[in-house]
There are 2 protein chains.
Amino acid sequence: MPAKAAGGRTARPSSGRATLETVATLAGVSRMTVSRVINHPETVTSELKEVVQKAILETGYVPNLLAGGLASSRTKVVAAVVPTLTHVLFSGAIQAFTDRLALDGYQMLLGLSGYPTEREGNLLQAILSRRPDALYLTGTSHLAQTRRQLRAAKIPIVETWDLSHKAVDMAVGFSHKAVGQGVANYLYGKGYRQFATIGADDERATLRSREFVATLAGHGISDVACISTPAPSTMAMGREALGELLANGFRRGAIQCSSDAMAHGVVLEAQARGLAVPGDIAVIGFGDLDFAAYMSPPLSTVRIDRFAIGRLAAEALLTRLAGHPVARKVVDVGFDIVERATT
Amino acid sequence: MPAKAAGGRTARPSSGRATLETVATLAGVSRMTVSRVINHPETVTSELKEVVQKAILETGYVPNLLAGGLASSRTKVVAAVVPTLTHVLFSGAIQAFTDRLALDGYQMLLGLSGYPTEREGNLLQAILSRRPDALYLTGTSHLAQTRRQLRAAKIPIVETWDLSHKAVDMAVGFSHKAVGQGVANYLYGKGYRQFATIGADDERATLRSREFVATLAGHGISDVACISTPAPSTMAMGREALGELLANGFRRGAIQCSSDAMAHGVVLEAQARGLAVPGDIAVIGFGDLDFAAYMSPPLSTVRIDRFAIGRLAAEALLTRLAGHPVARKVVDVGFDIVERATT
DNA sequence: AGCGCTATTGTGAGCGGTAACAGAACACAC
DNA sequence: GTGTGTTCTGTTACCGCTCACAATAGCGCT
């Protein structure tokens, strides 16, 4: 029977998996050479490379990137914090973001913050503990403590969707104020003179609604009915909200909604009540989701290129990770007002 | 001026951040005590705990979970592999999955495999290199090499959405064959006698279509028109596909579609051509996405509880991570045929 | 042959934690 | 007083990898 290890203490049970050492021994080289074959193959002679690669296959070696990351302080992981994946705008951006990162061999660590921002502090700590090489955030951060944590991490950070606050580092998005203003001017320009706005109470939607109201005030229109609903906004909320508006005396006019889903609800509710769209009730949504163009009537809305946001955010981070400075720290992807048949 | 470190070699520049050592020195205790305060506070006297906690705040210490994971071989990271986030069914399941994991302090590492499964091998290797504690997969894996890799990882694995193959470890999903069969029987029962099926060419959609056809064959119906489109299926493809069916002589009957989006396209195309839905063309979708109930006419479809899949998958993994055996290795969440106005 | 140079490979010391054990301090029973 | 636990804290040895540097080999040239 095998003797117990001399000396007393039992050895810590190692994972049992092949390590660099295993491969090195089999190939008859040093650990470092194996490491080079994997990470800098151009610095190793082709004969050795071959021997080592065979040994890797034979042992079924899978590198341990925890150890590698610890030693090199580069993890090849980028973390992203998003309120929710159930919203197509966010999941679309993350899809584009992840796809772009994968091209350069980066993996994505995802954190879902939910809408109330309280969890954000803990979540951020949990994520930074994993030492990502870079960070993608949704929205801009304002809690002083959060900003401090972010700066202390000393990694490239890109904040997305919103351009309204000063970015901690870089930003890719568009101006929600400009959207509110653009929509107001568009509707006013089309001749509408009575307005309402229905928005989720998340920060960005609020920003759009507020600017919508402010811009109309500039045109001398002061009685804009405002309805705020809890985020995330849904079609059901749109239906309800229109009911509420009508109950409060709103008869006809143009309604700005904080999402296409909500706008869809408003259209359906109007139709159910026998109101003409856009004759009595004109509606404009936000997002230009797939179904918007195929509603009846097709929905006028604000188009945002969610994939561009994800892709450009990834590229900004990758540029910095490659050691280059970025050309512009703030990238405005803009928006388009898509006129269809509900306005 | 400070002397260069005696002896020659320059010290490796450390991260500059606070480590356990920093905190321990400040608090006047050993590293191990600090580690205990963080991970097993109940084993430390409250006076020491207080001193250490103050030191942690003062230094702004953020634990390095790479080092911790390396030492303990537990990373508190669970990885997920999904074809795409642009599909609401997948992103919804991942949302529920991540939310459930977060409750137990686990973070999620995401890999997007795309539809062609070739990338899966590399992706899996990249993910396993990060040493996740558990793994969520979409679909069941059949490549022998993949299965070998998975087994070698020796971690809990849950395969989702599909129950048709033998699971590597655990599975949460439903039977696509049962769906195909159920839809066929439902439509046949409603009196339809002419059929077509339009499906994306991903494996699960194919499975449903094939079983749909086979079940109808059992009812003596053998001329079911089949159209296959590249995944992912979209509304535009639905429109096109109906055009193709009609061009090939299909006049009237019931059409099974592999997604609600596609079914929506079929409905729109039928309406555009002046065909009655469901009078001439009956349509049933798959997924019961938010818009399905609000189309005109409202879409009949197959409802899948995507959130249940994500949540149950997370719970299966968490159970195993807690060291308990799971009650059932395979969980069938089932499906419902939702009859609305297109059938 | 001897020199200097460049291209490869090896060596040793960490990276920042945790597991396992050892030791100290204290309480309690005999 | 001594033996025996029970807590709590400290010590030591790694986890698996990469960095910085050292050592060696191979080459052309004088």
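Excluded from the calculations below are hydrogen atoms, water molecules and symmetry mates; all remaining heavy atoms, backbone and side chain alike, are included. Letters A, B, ... mirror the listed sequences (proteins, then strands); counts begin at 1.
Residue side chain A:R17 does not reach the base of D:dG16 through any donor-acceptor N/O pair under 3.5 Å, judged by distance alone. Evaluation of atom-type donor-acceptor distances gives a pair under 3.5 Å for the side chain of B:R31 against the base of C:dT18.
Closest approach of B:L128 and B:Q149 over heavy atoms only: CD1-O, 4.0 Å.
With the nearest nucleotide of DNA chain C identified for both A:G28 and B:L65, A:G28 has the one nearer the 5' end. Of the two residues near DNA chain D, A:R74 and A:L66, the one whose nearest nucleotide lies more 5' is A:L66.
For A:R36, the listed nucleotide lying nearest its side chain is C:dT9; candidates were D:dG16, C:dT9, C:dC21. For B:T19, the listed nucleotide lying nearest its side chain is C:dG16; candidates were D:dG16, C:dG16, D:dA20. Set against C:dA19, C:dG16, D:dC17, the side chain of B:S72 has C:dA19 as its closest nucleotide.
The separation between A:R131 atom CZ and C:dG17 atom C1' is 11 Å, rounded to whole Å. When rounded to the nearest whole Å, the span between CE of B:M32 and C1' of C:dA19 equals 7 Å. Residue B:N64 contributes atom CG, which lies 18 Å from atom P of D:dC15 at whole-angstrom precision. As rounded to whole Å, 6 Å separates atom P of D:dT18 from atom CG of A:L20. The nearest whole Å value for the distance from the CG atom in B:L70 to the P atom in C:dA19 is 12 Å.
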Name the atoms and distances for all side-chain donor-acceptor pairs under 3.5 Å in residues 41-58 of chain A, with sequence neighbours left out.
unit_1	atom_1	unit_2	atom_2	d
A:T43	OG1	A:H40	O	2.9
A:K49	NZ	A:P41	O	3.2

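For B:S35, a side-chain nitrogen or oxygen approaches OP1 or OP2 of C:dT18 to under 4.0 Å. For D:dT11, the OP1/OP2 oxygens have no side-chain nitrogen or oxygen of B:S30 closer than 4.0 Å.
Within residues 39-53 of chain A, the residues approached by DNA chain D to less than 4.0 Å at the level of any non-hydrogen atom are A:N39, in residue-number order.
The shortest side-chain heavy-atom distance between B:L150 and B:L124 falls under the 4.5 Å cut-off. Two residues are said to be in side-chain contact when any heavy atoms from C-beta on lie closer than 4.5 Å; B:R306 and B:F97 fail this criterion. Taking the side chain as every heavy atom from C-beta outward, A:P63 and B:Q125 approach each other to under 4.5 Å.
A side-chain contact (heavy atoms from CB on, under 4.5 Å) with B:V331 is found for one member of B:I309, B:V326, B:V172, B:L163 and no other, namely B:V172.
Using a cutoff of 4.0 Å between basic side-chain nitrogens and carboxylate oxygens, A:K76 and A:D133 are not scored as salt-bridged.
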